[in-house]
2 protein chains.
Amino acid sequence: MKLQQLRYIVEVANHDLNVSSTADSLYTSQPGISKQIKLLEDELGVQIFARTGKHLTSITPIGETIIALSREVLAKTKSIKDIASEHHQPNTGTLNITTTYTQARYVLPQVIQQFIQKYPKILLHLEQGMPDQLIEDVISGKVDFAITTDLPVVNEECVVLPCYHWNYSVVVKKDHPLAKEPKLTIDMLANYPLVSYDFSNDGSDLYHAFAKAQKTPNIAFSTADADLIKTYVKLGVGVGIVAKMAVNTTEDSDLVVLNAGHLFSYNTTYIVFMRNLFLRHYMYDFINQFSSHLTKELVNNALDCGSNTEIQAMFNGIKLPVK
Amino acid sequence: MKLQQLRYIVEVANHDLNVSSTADSLYTSQPGISKQIKLLEDELGVQIFARTGKHLTSITPIGETIIALSREVLAKTKSIKDIASEHHQPNTGTLNITTTYTQARYVLPQVIQQFIQKYPKILLHLEQGMPDQLIEDVISGKVDFAITTDLPVVNEECVVLPCYHWNYSVVVKKDHPLAKEPKLTIDMLANYPLVSYDFSNDGSDLYHAFAKAQKTPNIAFSTADADLIKTYVKLGVGVGIVAKMAVNTTEDSDLVVLNAGHLFSYNTTYIVFMRNLFLRHYMYDFINQFSSHLTKELVNNALDCGSNTEIQAMFNGIKLPVK
DNA sequence: AACAGTTACGTAACCCGTAATGATA
DNA sequence: TATCATTACGGGTTACGTAACTGTT
């Protein structure tokens with residue numbers, strides 16, 4: 001049994017059993033992977049992948065177990081390397097993060113700016129993905145951290161840390177009737193066409209606020225892109241409902257930003273990573289820069305918890321920042 | 001990084017940093033090990049072992065961490081192999097046990113006999129060792145199970161399962177004054193020279209019973225070997241105090257066995273193994289044959305516990321067999 | 001002087017990549 | 001027919017064992 005063989009089966013599983021694309025991503029050849037997998041299967045005496053003729057069609061039940069264990073083995077070997085690097089090259093390494101559009105566009109830039117200034121030799125890679133993809137990338141080991149707003153349904157191999165709460169804001173043009181309204185209500189919003197996130201998707205809290213007031217919102221345009229929302233608001237299409245941190249008073253000086261914290265329940269942004277990830281000191285520092293209450297000590301306390309429900313319980317006693 | 005390299009550093013650590021003896025035990029050459037260790041250190045960029053000139057003198061702090069992680073990696077790769085074997089060769093494999101003299105001599109033979117009859121293809125290896133050594137052998141991965149009576153001070157990487165309670169018996173020659181005594185007391189025993197286990201070592205409960213009665217025992221002879229105790233009793237050296245399961249009415253027909261369960265607090269025999277050990281079905285079966293209350297389900301429940309104190313708490317509600 | 005670890009070197013195994021073959025949708 | 005996995009084969013690397021060397025107790 002060789003570490004490469006374990007890496008191969010894990011990567012093939014990550015690539016939907018496509019050996020060719022796996023080979024491309026690992027910069028090696030298909031036959032090499034095929035052969036090593038077969039050698040491993042011969043050594044273990046079990047089939048990891050089920051085949052129809054020459055195509056890999058599925059992972060056998062025992063293969064699932066073996067691949068899961070292999071992931072753990074590879075994570076631990078990565079830890080060994082990381083610990084060694086931490087020791088003799090504390091400020092070099094990599095940090096791979098995947099996140100949603102809103103975070104990448106409106107929240108992370110300032111954090112990243114500080115980070116790369118403090119750690120110029122860290123190779124930082126930021127990736128934007130769909131909410132469902134984020135956690136998968138963490139589990140597959142493709143990235144270290146996922147930053148997400150949807151409370152992910154994750155297995156216990158991941159650690160989920162709440163970072164901050166945030167509210168929606170309502171944005172309108174300066175000449176809009178609502179612009180001078182001191183205190184908004186759902187009823188008022190229901191009178192106008194709305195431009196916002198997809199209500200059926202991540203905006204269930206938006207939908208619920210209207211349902212609770214027994215109103216049906218009039219959605220003129222929906223998108224996941226806050227910039228687009230603002231653009232359409234500026235065009236006069238309707239009243240915008242957008243994450244508060246997505247509006248910037250200097251950039252959006254032609255818009256009026258109205259507080260909507262009392263209309264909708266707050267959301268929470270989380271950082272997610274594998275429990276068995278070795279956290280290098282700059283990773284702790286990144287987390288702390290992203291959310292100031294998440295000190296190294298607090299993160300370690302969370303890691304000592306046995307489950308994510310325990311972690312959430314722990315954070316119930318801690319006041320999160322609100323953005 | 002190669003799995004062999006990890007195996008090498010772990011084994012060198014297990015062999016007190018003696019590379020030569022490590023090489024012997026692994027059936028390979030010293031230079032090979034030296035070179036691979038050096039290659040690993042070069043790759044990681046850190047020293048795992050500290051050296052004075054050409055001798056390995058100690059493990060560096062970071063080396064300790066790396067070796068600990070390596071042990072985990074190797075345990076997981078072993079799990080992969082075991083899981084595969086379990087799948088395609090359910091009744092072949094190995095089972096290595098280390099235990100104390102008393103267990104090996106008086107308790108295990110019947111269990112082993114059943115076991116090898118049921119699993120003739122399992123390579124069973126039984127080893128007898130000193131109490132301190134037993135747990136080390138488990139941690140180093142040399143054996144699967146340790147069976148011991150001293151409640152071991154073990155770290156949380158081991159699982160400690162209580163198997164049964166046992167009492168001492170008093171044995172005397174047929175013509176001894178105590179032979180017809182219906183109910184023994186400590187005072188009676190204090191009147192005679194005693195032959196027993198080392199009171200200062202594992203027999204603190206023996207010592208305490210006398211201390212509580214404010215008597216000083218007169219130890220004529222002490223040994224860890226129950227056979228020797230019985231031999232000296234037969235020679236008339238004194239009154240024997242010995243583990244109850246070490247006396248057999250047919251073999252020891254020239255001795256009188258007196259109940260001493262009310263004089264001394266009972267002891268507990270434990271089975272100890274690494275938490276990350278993959279338990280093959282015959283291992284569950286062995287545990288169950290050794291101690292009938294330890295069903296597979298109960299063992300799994302214990303494994304789900306986070307700590308050994310939790311496990312002990314769980315077993316507080318369960319009545320253990322008494323031998 | 002005996003022992004232990006490293007260096008040097010030759011052999012054998014093995015991993016990998018290219019090319020060819022076989023199977024699948 | 002195009003895609004994909006396996007088989008065949010050759011080249012380069014590497015791991016290992018023997019032997020010689022060097023440092024340690």
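Throughout, protein chains are lettered first and strands after them, A, B, ... in sequence-line order, and every chain is numbered starting at 1. What you see is a predicted model, and the numbers here were worked out from it, not measured in a lab.
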Could you tell me from which nucleotide to which nucleotide of DNA chain D, 5' to 3', there is an atom under 4.0 Å from chain B heavy atoms?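 Nucleotide range with atoms under 4.0 Å of chain B: D:dA15 to D:dT24.
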Apply salt bridge (Lys or Arg N to Asp or Glu O under 4.0 Å) to residues B:Glu86 and B:Arg280 and explain how you reach the verdict. CA-CA 6 Å; B:Glu86 184 73 19; B:Arg280 299 198 49 180; 2.7 Å; yes
Side-chain touch [X]/[Y], heavy atoms, less than 4.5 angstrom:
X: A:Asp144; Y: A:Phe286; result: no
X: B:Asn155; Y: B:Ile139; result: yes
X: A:Met1; Y: A:Leu40; result: yes
X: A:Lys296; Y: A:Asn300; result: yes
X: A:Thr148; Y: A:Thr269; result: no

Could you check whether B:Asn14 and B:Arg71, counting side-chain N and O atoms only, form a donor-acceptor pair closer than 3.5 Å? yes
Donor on one side chain, acceptor on other, B:Asn91 and B:Tyr282, under 3.5 Å: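 No, B:Tyr282 and B:Asn91 have no side-chain donor paired with an acceptor closer than 3.5 Å.
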Residues in side chain to side chain donor-acceptor pair (under 3.5 Å) with [X], at least two apart?
X: A:Glu136; value: none
X: B:Lys76; value: A:Glu72
X: A:His87; value: none

Hey, which of these two, A:Lys2 or B:Leu56, hits DNA chain C nearer its 5' end, going by closest nucleotide?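 Between the two, 5'-proximity favours B:Leu56.
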Return the residues of residues 60-69 of chain A meeting this criterion: a heavy atom under 4.0 Å from some atom of DNA chain D. Order them by number, or give none.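 Heavy-atom contacts with DNA chain D come from no residue of residues 60-69 of chain A; none.
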Using a cut-off of strictly less than 4.0 Å between a heavy atom of the residue and any atom of DNA chain D, enumerate the qualifying residues of residues 3-27 of chain B by number.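 Of all residues in residues 3-27 of chain B, the ones placing a heavy atom under 4.0 Å from DNA chain D are B:Gln4, B:Tyr8, B:Tyr27.
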Mind checking what makes salt bridge (Lys or Arg N to Asp or Glu O under 4.0 Å) contact with A:Asp227, not counting sequence neighbours?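 A:Asp227 satisfies salt bridge (Lys or Arg N to Asp or Glu O under 4.0 Å) with A:Arg105, A:Lys230 once adjacent residues are dropped.
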Let's see if you get this right: which residues in residues 37-51 of chain B place a heavy atom under 4.0 Å from DNA chain C?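 The stretch gives B:Lys38, B:Arg51 as the residues lying under 4.0 Å from the strand, ordered by number.
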Would you please enumerate the stems DNA chain D participates in, each stem being three or more consecutive Watson-Crick or G-U wobble pairs with both distances under 3.5 Å? C:1-25 with D:1-25
Is there a salt bridge (Lys or Arg N to Asp or Glu O under 4.0 Å) between B:Glu43 and A:Lys81 once you walk through the steps? CA-CA 9 Å; B:Glu43 179 183 346; A:Lys81 290 178 200 158; 5.2 Å; no
Point-to-point distance, once rounded to the nearest 0.5 Å, from CD1 of A:Ile80 to OG1 of B:Thr65: 10.0 Å
Strictly under 3.5 Å: I want the nitrogen or oxygen pairs between protein and nucleotides 18-25 of chain C, one per line.
none

Using atom types as modelled and distance alone, determine if a side-chain donor or acceptor of B:Thr98 lies under 3.5 Å from a backbone N or O of B:Gln128. no
Which pairs, with at least one residue in residues 119-143 of chain B and sequence neighbours excluded, count as a ring-ring contact (aromatic ring centres under 6.0 Å, His included)? B:Phe115-B:Tyr119, B:Tyr119-B:His281
If you look only at distance, which donor and acceptor atoms sit under 3.5 Å apart when one is on a side chain in residues 49-57 of chain B and the other is two or more places apart or in another chain?
{"from": "B:Arg51", "atom 1": "NH1", "to": "B:Glu41", "atom 2": "OE1", "distance (Å)": "3.2"}
{"from": "B:Arg51", "atom 1": "NH1", "to": "B:Glu41", "atom 2": "OE2", "distance (Å)": "3.3"}
{"from": "B:Arg51", "atom 1": "NH1", "to": "B:Gln47", "atom 2": "OE1", "distance (Å)": "3.2"}
{"from": "B:Arg51", "atom 1": "NH1", "to": "B:Phe49", "atom 2": "O", "distance (Å)": "3.0"}
{"from": "B:Arg51", "atom 1": "NH2", "to": "B:Glu41", "atom 2": "OE1", "distance (Å)": "3.0"}
{"from": "B:Thr57", "atom 1": "OG1", "to": "B:Ala50", "atom 2": "O", "distance (Å)": "3.1"}

